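Hydrogens, waters and symmetry mates play no part in the numbers below; they use all other heavy atoms, side chains included. Note that the coordinates shown come from a computational prediction; the quantities given were computed from them, not determined experimentally.
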Amino acid sequence: MNTAINGNDLLALGYAEGNLIGIALKCNRKRTGFTKEQMLDNYTKVLAQPETYLDDALFGALAQAIIEKSNEKPEDFIALNDTPAVFAMYGADHIEAGARQQMEVAMQLPVTVAGALMPDAHQGYGLPIGGVLATTNAVIPYGVGVDIGCRMALSVYDIPELFYYENEAKFQRELVAHTKFGAGHGFHGQYKADHEVMERKEFANHKFIQQLKDKAWSQLGSSGGGNHFVEFGILQFEKDDAVLNIPKGNYVALLTHSGSRGFGATIAGQYTKLAKEHCKLPEKAKNLAYLGLDTELGQEYWIAMNLAGDYASACHEVIHNKMAQALGATVLAKVENHHNFAWKEIHNGEEVIVHRKGATPAAKGVMGIIPGSMTAPGFLVRGKGEAEALHSASHGAGRQMSRTQAIKNITKKEMQAILKDHGVTLIGAGLDEAPMAYKDINQVMASQEALVDVVAKFTPKMVRMADDGSRED
């Protein structure tokens, strides 16, 4: 069995962070007959004299990449702004350095106008998760994110709290019967859902997404993997809410979190690749490659992104309609908000493109849902329209452990104990989604009191997630 080689081994040999390490690790996966020490020796030689390895079956591609890298000049790349504007940051004491650094790089883009970092922020690809960035006439595929249009949806039922506790078996039966999870999973034959979004003309006219209609249709109404969930809980209104027309009290509610599934992920992958080919940025900013909205590619992506957002909303609608019908419940109110998206908005009197990658829209009076974890409360909120935050708020508690760290450091027994303590029934999920992997939602909410008002508190009671834990489309 081959001994693993990782990026740190290559950094120690003098390889620079970036695509060269990725190419080198691909060589390692194909190695036959070499020990780890022999591979590292070869890596050193290729880096020192790449021209002698150009015809080598294993190291040829790496040698070519090293030579191309060495021939790059600063003028080959779009220059970054050396004096970027400052960005607003909420809950700064609890935001990791990696997320701050990514935001600082994003602020250096020549198209950037303003930015903000939400209190649940953590490191991602390109723009940090929890990052909000306003640009001029440009959209950043990785500023939107891979799961385009990922969102929260809440249905408040005319069902009192006590009814849930008296009928938990029924709620569990319906939850399992009317949801589907897991990367690549969907519905087929008579079980496929229908929705008017599938009749949209873009599926016929858009040269890239027309090939994705079958995938989108089969996954319509499903939830995918990762941190996506469908859950029942108790929603507590401490006072009457006139806007929603809901009296003070406790209600059974359905909360869902998922996005545009494989459909959106394929769009994200394609246009991120094209953006990187057409927008050459320095290494540290390459994942922030952007497309001008005055270009054909930019318009292609914008149309596809908006359709993916509407498709994600349709997935939630299918789930919520199925569940309300199965329970025989009347929906008193429904609230939905999305993140991982880009909007045309007015900032300081000018139209800009506002990217919210893992951030909730929070313009004045706009409703949103900010979940905690499978055992921590979530909050139904109303935006205050804080200009410095670009009318945004956090989209959840935010991770304090990576998925890998959570799997290594949290035991199944520990996870089961905290679920029991909170009276939560869990169906599916891996250790990477354990409650301890997330920040304290109460701390996060305290950091954004200037951004939102809390309308009601949601306490999870029955949660369904993908069995495969961290896998996503």
Side-chain angles (χ1 to χ4, degrees), residues 80-136 140 142-145 150 284-285 287-288 290 337-343 345-348 352-364 366 368-372 376 379 381-402 437-454:
L80 298 180
N81 184 356
D82 290 332
T83 56
V86 297
F87 58 91
M89 188 158 38
Y90 299 86
D93 292 344
H94 306 287
I95 296 176
E96 64 186 18
R100 296 186 194 206
Q101 290 162 4
Q102 285 187 316
M103 197 68 204
E104 288 167 359
V105 173
M107 294 301 294
Q108 290 186 269
L109 295 178
V111 294
T112 292
V113 174
L117 205 53
M118 299 299 104
D120 62 336
H122 55 282
Q123 195 166 344
Y125 287 99
L127 195 64
I129 298 158
V132 184
L133 193 74
T135 59
T136 302
I140 306 166
Y142 258 161
V144 169
C150 187
K284 69 177 182 178
N287 285 330
L288 292 164
Y290 52 86
N337 69 263
H338 52 311
H339 45 267
N340 288 13
F341 208 69
W343 292 258
E345 297 180 5
I346 302 300
H347 178 72
N348 287 340
V352 294
I353 307 303
V354 178
H355 303 73
R356 293 185 178 92
K357 185 179 182 183
T360 299
K364 189 170 180 59
V366 170
I369 307 123
I370 302 175
F379 297 90
V381 300
R382 188 170 282 125
K384 290 186 174 181
E386 175 57 48
E388 278 200 359
L390 294 169
H391 297 174
S392 307
S394 83
H395 82 313
R399 299 192 72 93
Q400 64 178 353
M401 289 186 200
S402 70
Y438 285 86
K439 295 179 182 178
D440 180 352
I441 186 62
N442 294 303
Q443 190 176 74
V444 169
M445 295 304 294
S447 299
Q448 55 185 350
E449 289 179 349
L451 311 184
V452 292
D453 286 318
V454 173

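- Remark: Glu386 pairs with Tyr90, Glu388, Ala389, Leu451 by the side-chain contact (heavy atoms from CB on, under 4.5 Å) rule, at least two apart or across chains.
- Here the side chains of Ile95 and Met89 are in contact, with some heavy-atom distance below 4.5 Å.
- Of all the heavy atoms in Pro371 and Ile369, the pair that sits closest is CD-O, 3.7 Å.
- Heavy-atom minimum distance, Leu127 versus Leu288: N-CD2, 3.4 Å.
- No side-chain donor-acceptor contact under 3.5 Å links Asp120 to the backbone of Gly130.
- Judged as a side-chain contact (heavy atoms from CB on, under 4.5 Å), and not counting sequence neighbours, the contacts of Ala342 are Val139, Val144, Trp302, Met305, Ile353, His355.
- Here the closest heavy-atom approach between residue Ala393 and residue Ile370 is recorded as CB-CD1, 4.3 Å.
- Applying the side chain to side chain donor-acceptor pair (under 3.5 Å) test to Asp453 and every residue at least two apart in sequence or in another chain returns Lys384.
- Between Asn287 atom CG and Tyr125 atom OH the span is 8.5 Å, to the nearest 0.5 Å.
- With rounding to the nearest 0.5 Å, the separation of NE2 in His347 from NE2 in His391 is 9.0 Å.
- For the side-chain contact (heavy atoms from CB on, under 4.5 Å) test, no residue two or more places apart in sequence or in another chain qualifies with Ala450.
- Residues that satisfy the side chain to side chain donor-acceptor pair (under 3.5 Å) test with Glu96, not counting sequence neighbours, are absent from this structure.
- For His338, the side-chain contact (heavy atoms from CB on, under 4.5 Å) partners two or more places apart in sequence, or in a different chain, are Arg151, Phe341, Trp343.
- Of all non-hydrogen atoms in Val132 and Ala359, the two that sit nearest each other are CG2-CB, 3.6 Å.
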Side-chain donor-acceptor contacts of residues 103-113 below 3.5 Å, not counting sequence neighbours, with atom names and distances?
from	atom 1	to	atom 2	distance (Å)
Gln108	OE1	Lys284	NZ	3.2
Gln108	NE2	Asn81	O	3.1
Thr112	OG1	Ala106	O	2.8

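- With sequence neighbours left out, Gln102 forms a side chain to side chain donor-acceptor pair (under 3.5 Å) with no residue at all.
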Is there a side-chain contact (heavy atoms from CB on, under 4.5 Å) between Leu133 and Lys357 once you walk through the steps? CA-CA 9 Å; Leu133 193 74; Lys357 185 179 182 183; over 6 Å; no
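- The stretch residues 440-449 participates, sequence neighbours left out, in these side-chain hydrogen bond (donor to acceptor under 3.5 Å, both in side chains) pairs: His94-Gln443, Ser394-Gln448.
- Judged as a salt bridge (Lys or Arg N to Asp or Glu O under 4.0 Å), and not counting sequence neighbours, the contacts of Glu345 are Arg356.
- Arg100 pairs by the side chain to side chain donor-acceptor pair (under 3.5 Å) definition with nothing, not counting sequence neighbours.
- Phe87 approaches Ala116 most closely through the heavy-atom pair CB-N, 4.2 Å.
- In terms of heavy atoms, Ala362 sits closest to Val452 at CB-CG1, 4.0 Å.
- A donor-acceptor pair under 3.5 Å links the side-chain atoms of Lys439 to the main chain of Ala121, judged by distance alone.
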